[in-house]
Amino acid sequence: MPRSSLLVLTLLATPAACKDSPQPEADPTPQPATAAATGPAASPSEDPRLDALRSEARVKVPLFAKALKGELLAAMESGGPTKAIEVCNLRAPAIAAEASKDGWTVGRRSTKLRNPDNAPDAWEAEVLSDFERRANAGDRVEELEFAEIVDGEDGKRFRYAKGIPVGGECLACHGGDIDLEVHGLILERYPNDRAIDYRPGQLRGIFSLEKGLE
Ligand code: HEC
């Protein structure tokens, strides 16, 4: 997926990309833009495109989540976790690639990774740590959301993140008591796997969406 390290550097230099951003958790109504300014040349005023883009992202995320979960659950039913690992391994990156069209990039990121290709960039890492903090403070993971328009070297980009909670159905492969054979298969494909020992309700990662604007 195309990433600009210059953009990352710009973002690193940005004061607290998501510190003052969080929206009231229980309120699903789009909030006014926050923290749109990220570069010396950026205007601090709110970008009028933010609300519409956030609404678009809110449509895309459940479609992507449903595609992933649909294939996962079908594979679990037909062949149990061993079959489902194969499906996740092959299909998860493909489903993300299929969802990435019309200028959008769609993916999943986490701090405790299974597939190293899902590593967060600087913006995503900061959002993840903010979401982590909010989840620890008692916020519901499924309501964690952050959107902003950032101004980097390659122009303005819309960026959006949504929390992914751990559910009971995830524990067979991400829990603390994984079947030995299943764990062996996971380690065969992902020797550096860190995506285990999760409990239901915890933050597993984020759906991360972005779109270049100019
Ligand atoms: C059958 C085993 C299995 C189950 C069940 C499972 N996963 Fe995964 N998960 C995987 C595999 C394998 C990958 C690596 C996929 C890849 O290569 O992109 C993965 C990757 C992920 C990632 C991407 C970040 C990373 O660490 O690479 C997230 C987020 C994730 N899973 C969340 C979930 C959630 C939430 C559930 C429950 C709804 C779930 N998983 C259930 C096997 C599983």
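Read the numbers this way: they start at 1 and go in the same order the structure lists the ligands and their atoms.
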- Item | Atom of Arg134, atom of Glu145 and distance for their closest heavy-atom approach | NH1-O, 4.0 Å

- Of all the heavy atoms in Arg194, does at least one lie under 4.0 Å from an atom in ligand 1? no

- Do the non-hydrogen side-chain atoms of Asn89 and Tyr190 ever get within less than 4.5 Å of each other? yes

- Using non-hydrogen atoms of the residue, decide whether Gly167 is closer than 4.0 angstrom to ligand 1. no

- Test log, rule salt bridge (charged side-chain N to carboxylate O under 4.0 Å, His left out), inputs Glu86 and Arg91: CA-CA 8 Å; Glu86 203 184 303; Arg91 289 293 299 149; over 6 Å; no

- May I ask you to decide whether Lys162 forms a salt bridge with Glu142, counting only side-chain N to carboxylate O separations under 4.0 Å? no

- Item | Closest non-hydrogen atom pair, Asp179 against Glu181 | OD2-N, 3.0 Å

- Message: Is it the case that ligand 1 has an N or O less than 3.5 angstrom from some N or O of Tyr190?
- Response: yes

- Message: If the threshold is 4.0 Å, N to carboxylate O, is there a salt bridge linking Arg159 and Asp121?
- Response: yes

- Among all protein heavy atoms, pick out the one at the shortest distance from atom 28 (C) of ligand 1; state its residue, atom name and that distance to 0.1 Å. Arg108 NH1, 3.3 Å

- Which atoms form the tightest heavy-atom contact between Lys112 and Ile196, and what is the distance? NZ-O, 2.8 Å

- Item | Any donor-acceptor N or O pair under 3.5 Å, side chains Lys211, Thr105 | no

- Given the rule in the salt bridge (charged side-chain N to carboxylate O under 4.0 Å, His left out) test, do Arg108 and Glu124 qualify, once you have shown the distances and angles that lead to the verdict? CA-CA 10 Å; Arg108 295 183 299 171; Glu124 291 160 334; over 6 Å; no

- Message: Using a 4.0 Å cutoff against the non-hydrogen atoms of Lys112, which atoms of ligand 1 qualify?
- Response: 26 (O)

- Give a yes/no on ligand 1: does Pro165 have at least one heavy atom closer than 4.0 angstrom to it? yes

- In this structure, atom 27 (O) of ligand 1 is nearest to the protein heavy atom Asn118 ND2, 2.7 Å

- Taking atom 8 (Fe) of ligand 1 as the center, what protein N, O or S atoms are found at less than 2.8 Å? His174 NE2

- Does the distance from a Lys or Arg side-chain N to an Asp or Glu carboxylate O, for Arg140 and Glu143, drop under 4.0 Å? yes

- Query: Would Val166 count as a contact of ligand 1 if the rule is a heavy atom under 4.0 Å away?
  - Reply: no

- Enumerate the atoms of ligand 1 whose separation from the nearest heavy atom of Ile164 is less than 4.0 angstrom. 29 (C), 35 (C)

- Can you say whether the rings of Phe146 and Trp123 are parallel (under 30°), tilted (30 to 60°) or perpendicular (over 60°)? parallel

- Shortest protein contact, atom 5 (C) of ligand 1 (heavy atom only): Glu169 O, 3.4 Å

- Identity and distance of the protein heavy atom lying nearest atom 18 (O) of ligand 1: Asn115 ND2, 3.3 Å

- Query: Are Pro81 and ligand 1 in contact, using a heavy-atom cut-off of under 4.0 Å?
  - Reply: yes

